[in-house]
Q: 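I'd like to ask some things about the structure below.
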Amino acid sequence: LIGAMAGETGRAALLELVVSRIHADLGYDRVAFQVLEGEALRLEAEAGEPLPDSAIPAERELLRWAVRAGIPLKAPPGPEGFEVAIPVHAGDDTLGVLEMHRRNGAAFADEELNLLSAIAGQLALALQKSAGRARTERLAAQLTTLYDLGLETTALRDLRSLFAKGTEEAGRLIGADHTSVMRLSPSDESLRVFAAWSRDTSSESYAEPVFRLGFGVAGRVASDRRASMVNETEDNPDFVQRKNPVARLLCVPLTYYEHDRQEPVVFGVLNATRRPGAARFTEDDLEYLTRFAGQLAIAVANSMAFAAERERSEQLAL
């Protein structure tokens, strides 16, 4: 199993390999790997027979305690047999927890706990390597996209089509469920959707929200010109819930320098969201979205300058 783990590069395949091999080689009735996000547990891989609904609350409590304590924990024998939880951690970071169930036979012996702890340690190393490879690949894809976007902005393409493509690229590369650009209307100081992308179009309500400058997260970001990362929207007083459920939000201002006015001007904001249960946004996500907004801002500045020059040319022609 240890050798097989070294050959897997993807997180999903690695976890599936570990739970299936432990289930098959050690003969447990159920093996699973879960991640604790706040107080909620998210199942990532499972092998064997699923637990009945009646046993799930006790199982979740055991897993939470194992993560908090950072040591293997055995549950008292119950109707479902014997259960043990083995935290998977690297240093001070807990990456998840392995759980094993055995319906018949003896309780888990210390030798088994030592073996499972050793497997958990190797799994932690493999997960770290997988995450490192994923970060490298993701960074390469992000830099490529930023480079391509920079080439397209110099061609003064239509802003709406460029932003439509940009929101999709940004959303896919940071794992968002929805991204959008909202444009600020100076006449009434309101933000309206200019371009948008959704990962799951079947569940998208295609609402057209309007935010006043200074109100809501988007309105505040446009007003203050400072990016915002909200990972618990229900606890944020500025967040306004819409039809599509949103738990995580990134909002970055889109500003460009206007030569005629000799000052920076707000074009709008770039938003990225994730649904309830999704992973939290990170500082890396925010940094990339800020860079992406900078590239889009170049397109805006070029387009505005081009439009102003064309208007002056038409006036001279008249």
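In what follows, residues are counted from 1 in the order of the sequence shown.
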Q: Find the distance between CZ (Arg220) and CZ (Phe239) and round it off to the nearest 0.5 Å.
A: 12.5 Å

Q: Taking Arg212 for the side chain and Gly219 for the main chain, is one N or O donor matched with an acceptor at less than 3.5 Å?
A: no

Q: So, taking the atom named CG in Asp238 and the one named OG1 in Thr233, what distance separates them when rounded to the nearest 0.5 Å?
A: 12.0 Å

Q: Around atom CG of Asn104, are there more than 12 heavy atoms of other residues, nucleotides or ligands at under 6.0 Å?
A: no

Q: Could you give the distance from OG (Ser117) to NE2 (His89), rounded to the nearest 0.5 Å?
A: 7.5 Å

Q: Return yes if some donor-acceptor pair links the side-chain N/O of Ser180 with the main-chain N/O of Ala196 below 3.5 Å, else return no.
A: no

Q: Quick check: does any side chain N or O of Thr255 sit under 3.5 Å from a backbone N or O of Pro264, one acting as donor and the other as acceptor?
A: no

Q: Do the side chains of Val35 and Val19 join up, straight or via other hydrophobic residues, at under 4.5 Å, putting them in one cluster?
A: yes

Q: Do any N or O atoms from the side chain of Asp29 and from the backbone of Arg103 form a donor-acceptor pair under 3.5 angstrom?
A: yes

Q: Determine the minimum heavy-atom distance between Ile86 and Pro72, stating which atoms define it.
A: CD1-CB, 3.5 Å

Q: Using the rule given for side chain to side chain contact (heavy atoms under 4.5 Å, CB included), can you reason through Leu289 versus Phe281, listing the C-alpha separation, both sets of side-chain angles and the distance that settles it, and then say yes or no?
A: CA-CA 11 Å; Leu289 204 66; Phe281 283 120; over 6 Å; no

Q: Calculate, to the nearest 0.5 Å, the distance between atoms CD and CD belonging to Glu46 and Gln34 respectively.
A: 8.0 Å

Q: Find out if a path of hydrophobic residues (ILVMFWY) with successive side-chain heavy-atom gaps under 4.5 Å connects Leu43 to Val18.
A: no

Q: Return yes if some donor-acceptor pair links the side-chain N/O of Arg192 with the main-chain N/O of Ser185 below 3.5 Å, else return no.
A: no

Q: Just do the salt bridge (charged side-chain N to carboxylate O under 4.0 Å, His left out) check on Arg30 and Glu83 with the steps written out, would you?
A: CA-CA 9 Å; Arg30 177 177 180 264; Glu83 178 187 6; 6.0 Å; no

Q: Keeping Arg160 on the side-chain end and Phe194 on the backbone end, is there a donor-acceptor pair under 3.5 Å?
A: yes

Q: If you compare all heavy atoms of Phe211 against all heavy atoms of Gly216, which two are closest, and at what distance to 0.1 Å?
A: CD2-CA, 4.3 Å

Q: Considering all heavy atoms of both residues, which atom of Trp197 and which atom of Ala176 are nearest to each other, and what is their separation?
A: CZ3-O, 3.7 Å

Q: Measure the CG-CD distance between Leu249 and Glu232 for me, rounded to the nearest 0.5 Å.
A: 12.0 Å

Q: I'd like to check Leu15 versus Leu123 (side-chain heavy atoms, cut-off strictly below 4.5 Å). Are they in contact?
A: yes

Q: Linking I/L/V/M/F/W/Y whenever any side-chain heavy atoms sit under 4.5 Å apart, do Leu184 and Val210 land together?
A: no

Q: Does the pair Leu26 and Leu115 meet the rule for a side chain to side chain contact (heavy atoms under 4.5 Å, CB included), with working shown?
A: CA-CA 11 Å; Leu26 300 181; Leu115 173 61; 4.2 Å; yes

Q: For the pair Arg248 and Asp285, find out whether any cationic side-chain nitrogen is under 4.0 Å from an anionic carboxylate oxygen.
A: no

Q: Apply side chain to side chain contact (heavy atoms under 4.5 Å, CB included) to Leu116 and Leu98, showing your working.
A: CA-CA 9 Å; Leu116 293 171; Leu98 281 167; over 6 Å; no

Q: From Leu173 CG over to Glu168 CD, what is the distance, rounded to the nearest 0.5 angstrom?
A: 10.0 Å

Q: Do Val181 and Phe267 have side chains that approach each other closer than 4.5 Å (heavy atoms only, starting at C-beta)?
A: yes

Q: Measure the shortest side-chain to side-chain distance between Val31 and Phe33 over non-hydrogen atoms and say whether it is less than 4.5 angstrom.
A: no

Q: Do you know the tightest heavy-atom contact between Glu16 and Ser20?
A: O-OG, 2.7 Å

Q: Please check if Leu125 and Ile119 belong to a single hydrophobic cluster, counting links between Ile, Leu, Val, Met, Phe, Trp and Tyr side chain heavy atoms closer than 4.5 Å.
A: no

Q: What I'd like to find out is whether the side chain of Val246 reaches to under 4.5 Å of the side chain of His178, using heavy atoms alone.
A: no

Q: Taking a hydrophobic cluster as the set of Ile, Leu, Val, Met, Phe, Trp and Tyr residues connected by side-chain heavy atoms closer than 4.5 Å, whether directly or through intermediates, do Val217 and Leu213 fall within one such cluster?
A: yes

Q: Check whether more than 12 heavy atoms from other residues, nucleotides or ligands sit under 6.0 Å from atom CD of Glu189, and answer yes or no.
A: no

Q: Given the rule in the side chain to side chain contact (heavy atoms under 4.5 Å, CB included) test, do Asn271 and Thr167 qualify, once you have shown the distances and angles that lead to the verdict?
A: CA-CA 9 Å; Asn271 304 300; Thr167 53; over 6 Å; no

Q: Evaluate whether atom CZ of Arg225 has more than 12 neighbouring non-hydrogen atoms of other residues, nucleotides or ligands under 6.0 angstrom away.
A: yes

Q: Compare all side-chain heavy atoms of Glu283 with those of Met229 and state whether any distance is below 4.5 angstrom.
A: yes

Q: Closer than 3.5 angstrom, by distance alone: can the side chain of Asp177 be matched with the main-chain N or O of Arg199 as a donor-acceptor pair?
A: no

Q: Could you tell me which non-hydrogen atom of Leu286 sits nearest to which non-hydrogen atom of Ala227, and how far apart they are?
A: CD1-CB, 4.0 Å

Q: Can you name the nearest heavy-atom pair linking Leu191 to Ala218, along with the distance?
A: CD1-O, 3.5 Å

Q: Any donor and acceptor pair, going by atom type alone, linking the side chain of Glu112 with main-chain N or O of Ala109 inside 3.5 Å?
A: yes

Q: Please state whether the rings of Tyr28 and Phe108 are parallel, tilted or perpendicular, taking 30° and 60° as the class boundaries.
A: tilted

